[in-house]
A.B. asks: 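First the structure, then my questions, so here it is.
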Amino acid sequence: MFTWLIILAAYTSLCSQNPGVDSLRQIAVEHPADTIGINVLIRMANKFAEDNSGLDSAILFAREAYELADQIDYAPGRAEAAYTEAYAHDLAGHLSLALEYYEKARQQYETIDNVEQVAVCMNGKGVACYFQGEYGKALQYYLECLDYANAHNLKFQAANTQLNIGVIYRLTDKYDEAINIYQENVRIRKDLMDSTNLALVYNNLAVVYTYLKQFDRAIEYLDTSITIYQQLQDSFKLGALYVTLGDTYRSQGKSDLAMSNLKKGYDIMQKFNDNIHQSKALLYMGQTQFQSDNFVQAEVFYKEALKVLEESELDDIRLDIYKALASNNEAQGKYQPAYEYLSQYLLIFEKLQSEEKLRATEEMQTKYETAKKEQELISLASEKALIDIQLSAAQRRNLFLGTGLLIFGILSFIIYRFYKKVQSQNQVISENLKEKEYLLEELKKAQEQMVRSEKMASIGQLTAGIAHEINNPVNFIKNNAQALQLDIQDLQRLTDAIIKNDIAGNKNELIEKIKHEIDLETIHGEVGALVNGVQNGVDRISTIVRSLRHLTYMDQGQRVVTSLHEALDSAAEVIMTNYLDRISLEKNYQAPDQITAFPSQLHQLFLNLLNNAAQAIDEKGIIIIKTTDDPEGVKIQISDNGVGMNEETRTKIFDPFYTTKKIGEGTGLGLSISHAIIQNHDGGIDVESEVGKGTRITVMLPKGEG
């Protein structure tokens with residue numbers, strides 16, 4: 001018994017000093033190894049679990065309570081202690097340990113026939129998986145819990161588990177299943193007269209219909225939920241719902257209703273000093289004004305939202321606000337502030353990713369240092385563990401008062417029991433860290449792709465404007481050239497008549513003089529050639545403009561049926577305009593023409609490849625484009641007889657910013673972008689090259705539905 005008192009005294013060094021915990025600790029000292037002491041330890045564990053900074057202490061107290069309950073075969077104590085430890089692991093993000101102790105608690109509750117808590121443990125497994133993003137496992141545990149709750153007529157637990165299942169269906173895009181289970185939950189909540197949770201179910205239904213862009217249905221359920229909260233006089237939830245309703249009206253394009261509800265929500269949440277919903281309401285009001293082209297007012301709301309967040313760490317909302325400010329300034333042509341806001345957006349984005357990585361690293365480091373200290377303390381435990389048994393009562397009192405070393409020795413003995421578990425946790429943490437680093441790298445790649453896509457979209461818009469502006473004067477010149485040709489033909493008829501009259505002997509001295517001065521016969525030959533030259537030039541410009549139109553086609557997020565050969569022809573027309581004097585082009589099209597692709601990306605790909613082929617030819621040369629059908633898809637080969645590449649260069653050509661061109665002649669991004677486009681089409685690329693003989697690039701694209 002006295003050993004247990006020393007252990008409890010050692011625990012006090014881990015505990016923060018507050019009256020509630022101190023009073024519970026005193027009761028535990030007075031009731032060692034009995035049901036009162038065990039229950040007090042569990043309550044202490046729960047108190048520490050309420051504060052995330054005390055989760056380690058919560059786990060220690062719960063573990064000790066379980067062991068003491070086991071010593072006196074106190075099953076309810078074992079069950080409660082295991083559940084409390086599971087809950088603490090759940091809050092700490094230790095998924096495997098949380099599942100282990102929820103299962104241990106479930107087994108203990110079964111021994112005492114506590115079916116309600118058995119269901120709670122089963123549901124707890126699902127919640128633990130849900131918060132770790134393991135939606136498949138969460139759904140499995142929820143469904144098991146639902147079956148158990150229904151079998152034992154646990155109506156409230158069944159209803160709550162149904163609600164959790166609906167959330168999983170919604171998060172995994174199974175909207176029909178989510179709607180069905182929510183509607184069933186509405187019926188159950190009405191039978192149970194559970195108004196509070198009924199409003200929550202209506203709110204969840206509104207979220208699903210918002211995802212489906214069925215805004216009228218979403219608004220219908222939000223209005224119903226608002227009515228319930230008005231009856232319950234729950235102002236906080238009412239304010240949050242007004243913000244959600246306003247944002248839904250904004251998505252529907254109903255700006256007046258959006259602003260009205262957002263203002264209601266904002267005013268209510270101001271009274272609660274709730275930064276989250278205040279900032280969201282201001283953000284949505286700004287977006288509503290932006291949609292109505294009220295850019296100045298939109299900026300006012302956005303900046304006010306930032307002011308609300310000044311004293312908070314809500315970087316996820318701040319991220320959306322900076323992105324909105326960047327778009328707002330870009331729409332007004334204010335590119336400098338737009339760039340500055342976008343820079344702030346990227347800084348916060350990178351900060352969030354760095355913090356996540358840092359947290360994982362610090363957790364792993366803490367576990368490592370803990371394990372190391374435990375090893376150092378083991379030797380102390382082996383020397384001191386038996387002293388307590390051999391000492392007299394007086395000696396024990398003296399030791400308890402004067403020997404801190406023994407306390408630490410016994411504490412180390414307790415910690416040793418966790419050593420093996422910590423080792424396994426370290427391994428899991430290390431694996432999780434590697435996975436997070438991989439995901440971070442993938443996210444960075446996705447971000448780069450997003451920036452590249454935005455640039456391509458801007459280039460497309462710019463090109464469309466240029467093509468439009470060029471097309472107007474070209475049409476003017478073309479029409480005038482046609483009219484001029486008709487006028488010249490009429491004048492030529494007149495001069496021909498004059499010449500015939502002159503030949504017939506009706507000579508006129510003035511006409512004869514002018515003929516000699518202007519060399520009329522030469523003019524007749526030159527005028528036709530000049531007009532034809534103008535017409536040919538206009539036709540070439542029109543061809544280029546038509547080709548540029550392909551670059552202005554904005555991909556809409558999915559592939560469409562596209563003409564492969566038209567894409568190749570239009571790219572060739574643009575590129576070869578600069579090389580017609582020295583490079584010839586041959587085409588050999590044998591593949592099916594129709595494929596499914598992203599049209600603008602396809603044209604960008606062929607522009608890059610043909611431009612590289614042309615630039616590889618120093619003097620006169622030839623480019624050959626060949627397409628063939630293949631069991632794996634459509635094969636496109638672009639060959640040139642240019643300078644070629646050595647093996648070292650060939651292995652680097654897809655690296656971003658790698659170029660063999662002189663400074664200022666190339667960015668080194670053309671083939672890198674081309675490679676990304678091919679990957680985006682689930683295709684492949686192969687490069688064959690020999691120095692002095694040329695290069696052949698083979699692209700394989702899937703046919704799709706074309």
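FYI, side chains are in, hydrogens and waters are out, and symmetry mates aren't considered; it's all heavy atoms of this structure.
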A.B. asks: Between the side chains of N160 and N123, does any donor sit under 3.5 Å from an acceptor?
C.D. replies: no
A.B. asks: Do N612 and I653 come within less than 4.5 Å of each other through their side chains, counting heavy atoms only?
C.D. replies: no
A.B. asks: Any idea which heavy atoms bring G246 and L262 closest together, and the distance?
C.D. replies: CA-CG, 3.8 Å
A.B. asks: For the atom pair NZ (K137) and CD (Q140), what is the distance rounded to the nearest 0.5 Å?
C.D. replies: 8.5 Å
A.B. asks: Is there a side-chain contact between R170 and Y182 in this structure, where contact means two heavy atoms from C-beta onward sitting under 4.5 Å apart?
C.D. replies: yes
A.B. asks: Ring centroid separation for F290 and F295, is it under 6.0 angstrom?
C.D. replies: yes
A.B. asks: Strictly by modelled atom types, are E184 and N180 linked by a side-chain donor-acceptor pair under 3.5 Å?
C.D. replies: no
A.B. asks: Any chance you could measure Y202, atom OH, to T227, atom OG1, to the nearest 0.5 Å?
C.D. replies: 10.0 Å
A.B. asks: Answer yes or no: does atom NZ of K280 have more than 12 heavy-atom neighbours from other residues, nucleotides or ligands under 6.0 Å?
C.D. replies: no
A.B. asks: Check for a donor-acceptor pair, side chain of N261 on one end and backbone N or O of Y242 on the other, with a separation under 3.5 Å.
C.D. replies: no
A.B. asks: Looking only at non-hydrogen atoms, find the nearest pair between G124 and D90 and report the distance.
C.D. replies: O-OD2, 4.2 Å
A.B. asks: Can you give me the closest heavy-atom contact between I168 and A138, atom names plus distance?
C.D. replies: CD1-CB, 4.0 Å
A.B. asks: Using the rule given for side-chain contact (heavy atoms from CB on, under 4.5 Å), can you reason through R217 versus V208, listing the C-alpha separation, both sets of side-chain angles and the distance that settles it, and then say yes or no?
C.D. replies: CA-CA 10 Å; R217 295 295 301 276; V208 175; over 6 Å; no
A.B. asks: If you define the side chain from C-beta out and look only at heavy atoms, does anything of T172 sit under 4.5 Å from L139?
C.D. replies: no
A.B. asks: Answer yes or no: is there a donor N or O on one side and an acceptor on the other, between the side chain of R189 and the main chain of V201, under 3.5 Å?
C.D. replies: no
A.B. asks: For the residue pair Y221 and Y209, categorise the inter-ring angle as parallel (less than 30°), tilted (30 to 60°) or perpendicular (more than 60°).
C.D. replies: parallel
A.B. asks: Between E304 and M285, is there a side-chain heavy-atom distance shorter than 4.5 Å?
C.D. replies: no
A.B. asks: Parallel, tilted or perpendicular: which fits the ring planes of F598 and H681, with parallel below 30° and perpendicular above 60°?
C.D. replies: perpendicular
A.B. asks: Applying the side-chain contact (heavy atoms from CB on, under 4.5 Å) criterion to M269, which one of I276, V308, L238, D274 satisfies it?
C.D. replies: D274
A.B. asks: For L607, does its backbone N or O pair with a side-chain atom of N611 as donor and acceptor, under 3.5 Å?
C.D. replies: no
A.B. asks: Decide whether Q252 and D216 meet the rule of one side-chain donor and one side-chain acceptor closer than 3.5 Å.
C.D. replies: yes
A.B. asks: What I'd like to find out is whether the side chain of L325 reaches to under 4.5 Å of the side chain of L306, using heavy atoms alone.
C.D. replies: yes
A.B. asks: Could you state the interatomic distance from OG (S195) to CG (L200), rounded to the nearest 0.5 Å?
C.D. replies: 12.5 Å
A.B. asks: Roughly how far apart are L222 CG and L245 CG, rounded to 0.5 Å?
C.D. replies: 5.5 Å
A.B. asks: Give me the atom names and distance for the closest heavy-atom approach of F215 to T248.
C.D. replies: CD2-CG2, 3.9 Å
A.B. asks: Mind checking whether D320 and K323 have side chains closer than 4.5 Å, heavy atoms only?
C.D. replies: no
A.B. asks: Minimum heavy-atom separation for V243 and H277, please, with both atom names.
C.D. replies: CG2-O, 4.1 Å
A.B. asks: Out of curiosity, L342 CG to Y335 OH, how far, rounded to the nearest 0.5 Å?
C.D. replies: 13.5 Å
A.B. asks: Minimum heavy-atom separation for A49 and L91, please, with both atom names.
C.D. replies: O-CD1, 3.3 Å
A.B. asks: Is the side chain of T210 donor-acceptor paired with the backbone N or O of A206 at a distance under 3.5 Å, no angle test?
C.D. replies: yes
A.B. asks: Please lay out, stage by stage, how I636 and L609 fare under the test side-chain contact (heavy atoms from CB on, under 4.5 Å).
C.D. replies: CA-CA 11 Å; I636 304 105; L609 297 181; over 6 Å; no
A.B. asks: Which is it for V127 and Y142 under the side-chain contact (heavy atoms from CB on, under 4.5 Å) test, yes or no, and what are the steps along the way?
C.D. replies: CA-CA 8 Å; V127 173; Y142 286 148; 3.5 Å; yes
A.B. asks: Could you measure the distance from the CD1 atom of I219 to the OG1 atom of T244? Nearest 0.5 Å is fine.
C.D. replies: 12.0 Å
A.B. asks: Would you say Q287 and Q291 are linked by a side-chain donor-acceptor pair, where the criterion is simply a distance under 3.5 Å?
C.D. replies: no
A.B. asks: Does a side-chain N-to-carboxylate-O contact under 4.0 Å join D267 and K271?
C.D. replies: no
A.B. asks: Answer with yes or no whether the side chains of S312 and N275 bring together a donor and an acceptor at under 3.5 Å.
C.D. replies: no
A.B. asks: A side-chain contact here means heavy atoms from C-beta on lying under 4.5 Å apart; do K237 and L241 qualify?
C.D. replies: no
A.B. asks: Under 3.5 Å, is there a donor-acceptor pair linking the side chains of Y175 and D173?
C.D. replies: yes
A.B. asks: Salt bridge check: are R250 and D247 linked by an N-O gap of less than 4.0 Å?
C.D. replies: yes
A.B. asks: Set out, in order, the CA-CA distance, both residues' side-chain angles and the distance that settles side-chain contact (heavy atoms from CB on, under 4.5 Å) for L212 and I179, then state yes or no.
C.D. replies: CA-CA 11 Å; L212 294 172; I179 290 170; 4.0 Å; yes
A.B. asks: Heavy atoms, side chains only, cut-off 4.5 Å: are Y302 and L283 in contact?
C.D. replies: yes
